[in-house]
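The next block holds one structure in the form of C-alpha cells; read it before the comments.
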Amino acid sequence: MPLRLAPTFADALVASDRPLAGMWACSGSPLVAEICAGSGLDWLLIDAEHSPNGLESILAQLQAVSGYPVQVLVRPPVNDTVIIKQYLDLGAQNLLIPMVSSVADAEAAVAATRYPPEGVRGVGSALARAARWNRVSDYLADASSTISLTVQIESTAAVEAVDDILAVDGVDAIFVGPSDLAASMGLLGQQEHPQVRAAVEHCLAAAERAGTPAGVNAFNPTTARHYLDAGARFVLVGADVALLARGSEALAADFIPASDGDSPAGY
C-alpha cells in the first residue's frame with residue numbers, strides 16, 4: 001500500500017501566516033511527548049543533546065505524537081553523518097543540528113541528509129521507518145523533499161558567518177541559541193545581556209535579508225515577544241521538564257511551610 005509522508009517543518013513555516021510557537025520535549029517519555037503534542041502548540045523539539053534520549057526513545061516519541069497536528073523536530077547531540085543517518089531512518093523528517101559555526105559545518109549537515117550524488121546519506125530505505133519500509137513510493141528519489149534542515153547558530157563564530165551559512169543550499173532555517181551564544185561571548189548565563197540580544201537580532205536580520213526563516217529559544221515571554229517583533233518566524237517558549245520542575249516547586253511553596261522545606265515529608 002503506497003503511503004505519503006507529512007509536510008515538513010519548512011513547509012509549515014512557508015504555509016503559516018504567523019510565527020510558530022513550540023516547546024522542548026526533554027523527558028525521554030513518549031507519554032509526556034504525547035501530552036505536549038496535544039497542547040495546541042505548533043511544534044515540538046525532541047532533544048538528544050542535553051536530554052536522556054537514545055534511538056529507541058526517540059522512535060517511541062515519534063510514534064506517540066504522529067497522530068497529532070504538530071510539527072516535530074529532533075536535535076541530535078552532534079553534527080555527525082552516522083547519527084543523522086540513524087535519525088532520518090527512524091523517521092525524523094525535521095532535524096535541528098547543534099553547534100553549526102561555519103559554512104563547512106552547514107554543508108556537512110546538508111550532505112548527511114542527502115543520498116548520493118548530492119550527499120553521503122547511507123541507503124537503507126527497505127529497512128527503515130523513514131520510507132515506511134519502502135511503502136512510500138519513490139522515497140529514494142524524493143527523500144530530500146520529505147526532510148527539513150534547521151541549523152543552530154550558537155557561537156560568536158556562527159554569528160560572524162551567519163550570512164554565509166544562510167547561503168548554503170539545503171539549509172531551510174536557522175535557530176539561534178542564546179544560552180551557548182552568551183557563553184561563547186564570555187557572558188555565561190546572561191542570555192538577556194544587551195550584547196547577546198544584539199547578536200540574536202543580527203542573525204534575525206540576516207535571515208530576513210536572505211529570505212530564510214529564523215527562530216530563537218526564549219523562555220522569557222517578554223523576550224520571546226521581542227524577538228518575534230524583530231522577525232523571528234518560530235520560537236521555543238518552554239520545556240516539559242522545566243514546566244514540571246517549576247510547577248512542582250509552586251505546589252511545594254503553596255503547601256509546605258518554609259521552615260520544613262529541607263525535610264522530606266514524613267521525616
Side-chain angles (χ1 to χ4, degrees), residues 5-13 16 19-80 83-84 86-100 109 113 129-130 146-152 154 172-180 191 213 215-221 223-224 227 232-249:
L5 298 178
T8 68
F9 186 59
D11 296 328
L13 287 168
S16 179
L20 303 183
M23 67 178 292
W24 298 79
C26 301
S27 70
S29 165
L31 180 63
V32 172
E34 184 173 3
I35 291 169
C36 296
S39 67
L41 288 167
D42 298 303
W43 64 289
L44 298 179
L45 176 61
I46 299 173
D47 180 48
E49 184 183 13
H50 295 295
S51 304
N53 272 310
L55 295 178
E56 290 81 2
S57 65
I58 291 170
L59 172 60
Q61 288 171 85
L62 290 172
Q63 292 170 327
V65 305
S66 63
Y68 293 85
V70 63
Q71 286 288 329
V72 183
L73 280 70
V74 182
R75 182 170 73 168
V78 65
N79 184 6
D80 178 85
I83 293 175
I84 290 172
Q86 290 179 305
Y87 282 30
L88 293 176
D89 283 352
L90 286 180
Q93 290 184 248
N94 309 295
L95 295 180
L96 173 63
I97 305 300
M99 293 294 179
V100 171
T113 67
R129 181 174 180 268
T146 71
I147 296 165
S148 79
L149 178 67
T150 302
V151 300
Q152 194 157 2
E154 47 186 343
D172 295 303
I174 64 169
F175 183 76
V176 186
S179 295
D180 279 301
Q191 295 93 312
V216 63
N217 189 57
F219 284 13
N220 182 317
T223 302
Y227 288 140
R233 291 293 300 150
F234 56 105
V235 288
L236 284 173
V237 293
D240 54 357
V241 291
L243 291 170
L244 181 58
R246 302 294 84 79
S248 58
E249 290 162 5

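Residue numbers start at 1 and run along the sequence shown. Model, not experiment: these values are computed from the prediction.
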Are side-chain heavy atoms of V216 and P178 found at a separation under 4.5 Å? yes
With no hydrogens and no angle check, do the side chains of N53 and Q61 hold a donor and an acceptor under 3.5 Å apart? yes
Under 3.5 Å, is there a donor on one side chain and an acceptor on the other for S148 and N94? yes
Distance (rounded to the nearest 0.5 Å) between N79 CG and E49 CD: 11.0 Å
Atom pair CD1 (I35) and CG (L243), whose distance is rounded to the nearest 0.5 Å: 11.5 Å
Value rounded to 0.5 Å, distance of CD1 in I147 from OG1 in T8: 9.5 Å
Please report the closest heavy-atom contact between V237 and V235, naming both atoms and the distance. CG1-CG2, 3.7 Å
Measure the CD1-CZ distance between I174 and F234 for me, rounded to the nearest 0.5 Å. 8.0 Å
With heavy-atom distances below 4.5 Å as the criterion, would you say the side chains of M23 and D240 are in contact? yes
Check the pair L55 / Q86 against side chain to side chain contact (heavy atoms under 4.5 Å, CB included), numbers first and verdict last. CA-CA 8 Å; L55 295 178; Q86 290 179 305; 3.6 Å; yes
E34: side-chain hydrogen bond (donor to acceptor under 3.5 Å, both in side chains) partners, not counting sequence neighbours: Y68
Any side-chain heavy atom of C36 within less than 4.5 Å of one from L41? no
Please report the shortest heavy-atom distance between A64 and P30, naming the atom on each side. CB-O, 3.6 Å
Please work out which of the three classes, parallel, tilted or perpendicular, describes the rings of F9 and W43, given edges at 30° and 60°. tilted
Does the side chain of V176 reach to within under 4.5 Å of the side chain of Y227, using non-hydrogen atoms? no
Hey, could you give me the OG/CG distance between S27 and D47, rounded to the nearest 0.5 Å? 11.0 Å
Is there a donor-acceptor contact under 3.5 Å from the side chain of D42 to the main chain of G22? no
Where do G28 and S57 come nearest, in terms of heavy atoms and distance? O-CB, 3.8 Å
Quick check: do E154 and P98 have side-chain heavy atoms less than 4.5 Å from each other? yes
Closer than 3.5 angstrom, by distance alone: can the side chain of S16 be matched with the main-chain N or O of L13 as a donor-acceptor pair? no
Can you name the nearest heavy-atom pair linking A33 to V65, along with the distance? O-CG1, 3.5 Å
Would you mind reporting whether L95 and L88 have side-chain heavy atoms less than 4.5 Å apart? yes
Under the side-chain hydrogen bond (donor to acceptor under 3.5 Å, both in side chains) rule, collect the residues that match up with R246, sequence neighbours excluded. E249
Is there a side-chain contact between Q93 and L5 (heavy atoms, below 4.5 Å)? yes
Distance-minimising heavy-atom pair for S179 and Q191: OG-NE2, 2.9 Å
M99 side chain near Q152 side chain, heavy-atom distance below 4.5 Å: no
Closest heavy-atom contact between C26 and P52? O-CD, 3.4 Å
Decide side chain to side chain contact (heavy atoms under 4.5 Å, CB included) for W24 and L44; before the verdict, give the C-alpha distance in whole Å, the side-chain angles of both, and the deciding distance to 0.1 Å. CA-CA 6 Å; W24 298 79; L44 298 179; over 6 Å; no
Do the side chain of S51 and the main chain of A48 share a donor and acceptor less than 3.5 angstrom apart? no
To the nearest 0.5 Å, what is the distance between OH (Y87) and CG (L59)? 12.0 Å
Side chain to side chain contact (heavy atoms under 4.5 Å, CB included) between L62 and V74, intermediate numbers included: CA-CA 9 Å; L62 290 172; V74 182; 4.2 Å; yes
